[in-house]
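Below is one structure, written out as structure tokens; comments come after it.
All values derive from a computational prediction rather than experimental measurement.
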Amino acid sequence: MVRSEIPAPDASRPVTLAVDESARGSVALRRRLTDEGAEVFELITNGTFVMDTLETTTERLLARAALAHPPATGTWSVTVGGLGLGFTVRELLADPRITHVDVVELEPAVVAWVREGLVPDTAGVLDDPRVHAHVDDVRRWLPKRPDASTDAILLDVDNGPDFLVHMANTEVYEPPFLAVVKRVLCPGGVVAVWSATRSTSLRRRLERTFAGCEEVHRVVEREGRDLDYYLYVARRS
């Protein structure tokens, strides 16, 4: 992992704060200024924009969409696939019913950057005693979990099945992995999946696996443009 010198922010271009190279390619954390002078932190994978701190509505909604369904036991044990910049985890921790959060993140550098507080808005989220961070591939980690061992599974490992950064992640949205998700969920447990585009195929797969699926659509304004994002929420009966 390479840590860059951090010059004063320049609104004319992003500044790379840190970068890491792996067999999957590159992952970088950048900082830039808006026209109003506010700092924005960006996560870039293989040169592709993944997320930033300017607009985190749907990352936080991913947590709230699951928590809107009451847990069978009155408390929540949650598995999050994909740490990102930590906003989904931060939203979970704001709910006093949360007792345990497993965060599974493939890139060790991303875990390190959030843990070190390089993203000020989510500094400290991995220090909460309820949070357990695992540097692993959720496609390999989740199948090892016991049956009915978590109340909610939140998946934000890529941009969705139709706009992938890593083609291997297509497995996350396929029936065999969704069957694993169902097995690991407690009865009444919830799965919520983030997608940058509408995915009719994902909704249908979730409907077949869980006998129902809610599509949540949000229009988000980003720097003068309206963008459509989607969540797919299903519950184990």
Sorted by chain and residue number, the salt bridge (Lys or Arg N to Asp or Glu O under 4.0 Å) partners of E174 (sequence neighbours excluded) come out as R205
R218 meets the side chain to side chain donor-acceptor pair (under 3.5 Å) criterion, sequence neighbours left out, with none
In short, salt bridge (Lys or Arg N to Asp or Glu O under 4.0 Å) pairs touching residues 64-77 with sequence neighbours left out are R64-E91
### Query
Can you check side-chain contact (heavy atoms from CB on, under 4.5 Å) on W113 and V119, steps first, answer last?
CA-CA 7 Å; W113 298 337; V119 183; 5.6 Å; no
Quiz item: Do F87 and D156 have side chains that get closer than 4.5 Å, going by heavy atoms?
Solution: no
Here the gap from T16 atom OG1 to E42 atom CD, rounded to the nearest 0.5 Å, amounts to 9.5 Å
H69 meets the side chain to side chain donor-acceptor pair (under 3.5 Å) criterion, sequence neighbours left out, with none
Between A234 and C213 the two heavy atoms that sit nearest each other are CB-CA, 4.4 Å
So the salt bridge (Lys or Arg N to Asp or Glu O under 4.0 Å) pairs with at least one residue in residues 158-167 (sequence neighbours excluded) are none
Cluster membership besides I44, Ile/Leu/Val/Met/Phe/Trp/Tyr side chains within less than 4.5 angstrom, sorted by chain and number, is F49
(Q) Using side-chain contact (heavy atoms from CB on, under 4.5 Å), reason through L85 and D121 one step at a time and then give a plain yes or no. (A) CA-CA 9 Å; L85 296 178; D121 286 341; over 6 Å; no
Residues joined to V40 in its hydrophobic cluster, side chain to side chain under 4.5 Å directly or through other members, sorted by chain and number, are L54
| Sidechain-backbone polar pair: S26 side chain, E21 backbone, donor-acceptor under 3.5 Å | no
Please say yes or no: joined through hydrophobic side-chain contacts below 4.5 Å, possibly via intermediate residues, are F177 and V78 part of one cluster? no
Side-chain donor/acceptor pairs under 3.5 Å, residues 100-112, sequence neighbours excluded:
from: H100; atom 1: NE2; to: D102; atom 2: OD1; distance (Å): 3.2
from: H100; atom 1: NE2; to: D102; atom 2: OD2; distance (Å): 3.1
from: D102; atom 1: OD1; to: H134; atom 2: NE2; distance (Å): 2.7
from: E105; atom 1: OE1; to: L83; atom 2: N; distance (Å): 2.9
from: E105; atom 1: OE2; to: E107; atom 2: N; distance (Å): 2.9
from: E107; atom 1: OE1; to: R24; atom 2: NH2; distance (Å): 3.2
from: E107; atom 1: OE2; to: R24; atom 2: NE; distance (Å): 2.8

Table please: side-chain donor-acceptor pairs of residues 182-192 below 3.5 Å, with sequence neighbours left out.
from: K182; atom 1: NZ; to: T209; atom 2: O; distance (Å): 3.0
from: R183; atom 1: NH1; to: R145; atom 2: O; distance (Å): 2.9
from: R183; atom 1: NH1; to: D147; atom 2: OD1; distance (Å): 2.6
from: R183; atom 1: NH2; to: P143; atom 2: O; distance (Å): 2.9
from: R183; atom 1: NH2; to: R145; atom 2: O; distance (Å): 3.4

For F41 and L17, the nearest pair of non-hydrogen atoms, with its separation, is CE2-CD1, 3.6 Å
Any side-chain heavy-atom pair of L227 and E55 under 4.5 Å:
no
Are any side-chain N or O atoms of N46 and backbone N or O atoms of T48, one a donor and one an acceptor, separated by less than 3.5 Å?
no
Verify side-chain contact (heavy atoms from CB on, under 4.5 Å) between D52 and R32, making sure each step is shown before the conclusion. CA-CA 10 Å; D52 65 14; R32 64 181 176 86; 3.8 Å; yes
- Does T99 reach the main-chain N or O of W76 with its side chain, forming a donor-acceptor pair under 3.5 Å? yes
- request: Is it possible for you to say whether L206 and V180 belong to one hydrophobic cluster, with membership spreading through side-chain heavy-atom contacts below 4.5 Å?
  value: yes
Applying salt bridge (Lys or Arg N to Asp or Glu O under 4.0 Å) to R140 and not counting sequence neighbours gives E171
Check whether L118 and V50 end up in the same hydrophobic cluster, where Ile, Leu, Val, Met, Phe, Trp and Tyr are linked by side-chain heavy atoms less than 4.5 Å apart.
yes
Sorted by chain and residue number, the side chain to side chain contact (heavy atoms under 4.5 Å, CB included) partners of D127 (sequence neighbours excluded) come out as R115
Between F210 and V181, does a side-chain contact (heavy atoms from CB on, under 4.5 Å) hold up when you go through it step by step?
-> CA-CA 10 Å; F210 292 91; V181 169; 4.1 Å; yes
* **Same apolar cluster (I L V M F W Y, side chains within < 4.5 Å links), V138/V80** => no
Heavy-atom nearest pair, R139 first then V172, reads CG-CG2, 3.5 Å
- Query: Looking only at atom types and distance, does a side-chain atom of T45 sit under 3.5 Å from a main-chain N or O of V27, one as donor and one as acceptor?
  - Reply: no
### R97 (side chain) donor-acceptor with P70 (main chain) under 3.5 angstrom
no
Check: V125 main-chain N/O paired with R90 side-chain donor or acceptor under 3.5 Å: no
In short, ring pair (Phe, Tyr, Trp, His ring centres under 6.0 Å) pairs touching residues 214-237 with sequence neighbours left out are W194-Y229, H217-Y230
